[in-house]
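Okay, structure first, notes after.
Since we're looking at a predicted model, the values are computed, not measured.
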Amino acid sequence: MLIIRPIRASDYDALYGIAVESGHGFTSLPVNEELLRSKIARAEASFTKHVDKPFDEGYLMVLEDMKTGEVVGTCGIEAAVGMEDAFYHYRLGTEVYHSQQISVRNEVETLTLCHDYTGAAELCTLFLKDGYRKGNNGRMLSRSRFLFLAQHQHRFGETVIAEMRGVSDDHGESPFYEWLQHHFLGIDFVEADYLSGLGKKAFMAEMMPRNPVYVCMLPKKAQKVIGEVHKNTKPALRLLQAEGFKFRNYVDIFDGGPTVECSIGDIRSVKKSRLLTVSIGKMPHADHHFIISNTLLADYRASAAKLLVSDEHDNVVLSTEIAAGLMVSEGEQIRVLAM
């Protein structure tokens with residue numbers, strides 16, 4: 001049985017291993033002991049904190065194989081980005097140049113540095129170890145966050161975003177970043193991405209172009225990857241698009257990858273999830289897979305199982321093992337979502 005739960009201090013070694021395995025472009029988990037321990041402590045505090053409105057909380061969770069005790073994946077949600085550290089994007093826009101005198105009209109795409117997503121919630125830190133990338137494991141790990149959002153909406157910004165990894169090669173080099181390195185930053189992509197992950201972002205404000213950048217003046221290979229995702233990220237993007245997330249012309253400042261967004265109440269899985277009352281006993285035969293979670297915060301648990309769920313009834317039967325894994329008792333509620 002695989003269980004998603006809040007991260008805890010004893011998970012440090014596993015988290016460090018995931019940070020190493022995730023490689024270049026996974027900004028939210030740099031290979032840095034101090035930062036990773038800080039992330040764990042921040043998550044532990046967030047899961048127990050009383051919240052009237054979202055601020056700088058971060059909810060980092062792990063996927064644990066209950067049979068082996070091994071942590072095999074992570075997923076996270078930031079409550080409201082940019083509240084303490086600046087949260088930068090490029091906004092892709094259009095400037096129009098028109099002269100009636102010479103009968104010429106041109107539309108030119110621009111990139112403008114902005115903080116427009118300040119206060120938005122963010123889906124982040126999604127990673128699953130190779131040996132577990134099968135069946136519905138990845139889908140469960142990613143979509144389980146929507147059950148948490150549905151149950152605890154007041155803890156998150158109204159808009160939910162996800163930054164999609166942009167195009168880079170096997171060495172972590174980004175075609176989009178090359179021009180930025182050459183003309184402005186002077187450090188390579190891997191180092192800039194690492195510093196960003198550490199929260200050391202002062203260099204961005206100091207060195208990034210302050211005026212709009214004309215896209216047509218960038219190298220062709222940089223232009224081609226603006227708003228494009230890394231080949232390994234395409235399945236994650238398709239999943240989010242099916243949930244209602246859309247690209248609104250915001251891209252990452254380093255690799256040009258797209259950021260997608262959706263209002264929290266419009267996310268398909270948030271709307272489709274249901275609360276059911278638990279009975280514990282022999283589970284009836286069922287053909288349909290569901291993502292399931294309890295309604296708790298500090299003791300949040302989520303998993304997946306085949307359930308017999310009826311539109312006419314608000315109860316569901318769980319086995320003793322599944323109920324124990326979810327930390328629910330007879331008569332308590334769980335939230336369910338069809339896989």
Side-chain angles (χ1 to χ4, degrees), residues 23-32 35 38-39 56 58 78 80-97 107-125 157 159 161-169 171-230 233 247-261:
H24 302 305
F26 203 60
T27 315
S28 58
L29 285 183
V31 182
N32 180 284
L35 183 86
S38 174
K39 277 183 174 291
D56 190 45
E78 290 291 318
V81 297
M83 305 303 285
E84 292 200 334
D85 291 327
F87 196 74
Y88 292 103
H89 279 91
Y90 270 131
R91 181 174 60 246
L92 193 61
T94 304
E95 288 188 4
V96 177
Y97 295 86
E107 293 186 3
V108 181
E109 283 191 318
T110 59
L111 292 170
T112 304
L113 197 65
C114 69
H115 308 96
D116 292 2
Y117 279 128
T118 298
E122 183 191 12
L123 302 174
C124 58
T125 326
T159 299
I161 66 170
E163 293 185 312
M164 301 283 97
R165 183 178 178 182
V167 176
S168 61
D169 63 23
H171 304 290
E173 298 300 327
S174 160
F176 181 78
Y177 184 79
E178 283 183 18
W179 71 273
L180 197 60
Q181 177 184 354
H182 181 69
H183 295 288
F184 292 95
L185 293 183
I187 57 175
D188 66 28
F189 174 68
V190 175
E191 183 179 358
D193 213 36
Y194 179 72
L195 289 173
S196 175
L198 293 180
K200 296 180 179 180
K201 300 181 181 180
F203 74 96
M204 298 181 192
E206 294 162 351
M207 300 299 293
M208 294 292 288
R210 296 181 179 89
N211 298 311
V213 174
Y214 292 103
V215 173
C216 61
M217 293 182 175
L218 300 182
K220 291 293 184 185
K221 62 180 181 179
Q223 294 182 40
K224 283 176 61 177
V225 300
I226 294 173
E228 297 296 319
V229 296
H230 192 279
T233 306
F247 175 54
R248 303 287 189 192
N249 291 333
Y250 290 90
V251 300
D252 184 80
I253 62 172
F254 289 158
D255 64 19
T259 291
V260 293
E261 66 169 84

[X] [atom1] to [Y] [atom2] distance, which is reported to the nearest 0.5 Å:
X      : Y      : atom1 : atom2 : answer
Leu92  : Thr112 : CG    : OG1   : 9.0 Å
Cys114 : His89  : SG    : NE2   : 7.5 Å
Asp56  : Met83  : CG    : CE    : 8.0 Å
Asn211 : Leu113 : CG    : CG    : 10.5 Å
Thr233 : Glu228 : OG1   : CD    : 12.0 Å
Glu107 : Cys216 : CD    : SG    : 12.5 Å

For a quick test of reading the model, state the closest non-hydrogen atom pair linking [X] to [Y] and the distance between them.
X      : Y      : value
Phe176 : Gly256 : CD2-N, 3.5 Å
Phe247 : Gly227 : CZ-CA, 4.4 Å
Gly157 : Ala121 : N-CB, 3.9 Å
Met208 : Ile253 : CE-CB, 3.9 Å
Ala222 : Pro175 : CB-O, 3.7 Å
Leu29  : Lys39  : CD2-CD, 4.2 Å

(message) Would Glu178 and Lys221 count as a side chain to side chain contact (heavy atoms under 4.5 Å, CB included) here? Give the steps.
(response) CA-CA 10 Å; Glu178 283 183 18; Lys221 62 180 181 179; 2.8 Å; yes
(message) In terms of relative ring orientation, are Tyr88 and His115 parallel, tilted or perpendicular, with 30° and 60° separating the classes?
(response) tilted
(request) Go through Val215 and Thr110 one step at a time and tell me if the side chain to side chain contact (heavy atoms under 4.5 Å, CB included) criterion holds. (result) CA-CA 5 Å; Val215 173; Thr110 59; 5.8 Å; no
(message) Taking the basic N atoms (NZ, or NE/NH1/NH2) and the acidic carboxylate oxygens, is any pair closer than 4.0 Å for Asp116 and Arg91?
(response) yes
Side chain to side chain, [X] and [Y], heavy atoms closer than 4.5 Å:
X      : Y      : answer
Val251 : Leu111 : yes
Val229 : Arg165 : no
Val81  : Thr118 : no
Thr94  : Val108 : no
Glu122 : Phe87  : yes
Asp255 : Tyr177 : no

(message) Is it true that Asp252 and Tyr90 share a donor-acceptor pair across their side chains at a distance under 3.5 Å?
(response) no
(request) Show your working on side chain to side chain donor-acceptor pair (under 3.5 Å) between Tyr250 and Glu163 and close with a plain yes or no. (result) CA-CA 9 Å; Tyr250 290 90; Glu163 293 185 312; over 6 Å; no
(message) List the residues meeting side chain to side chain contact (heavy atoms under 4.5 Å, CB included) with Glu261, not counting sequence neighbours, and say none if there are none.
(response) Tyr117, Thr159, Ile161, Arg248
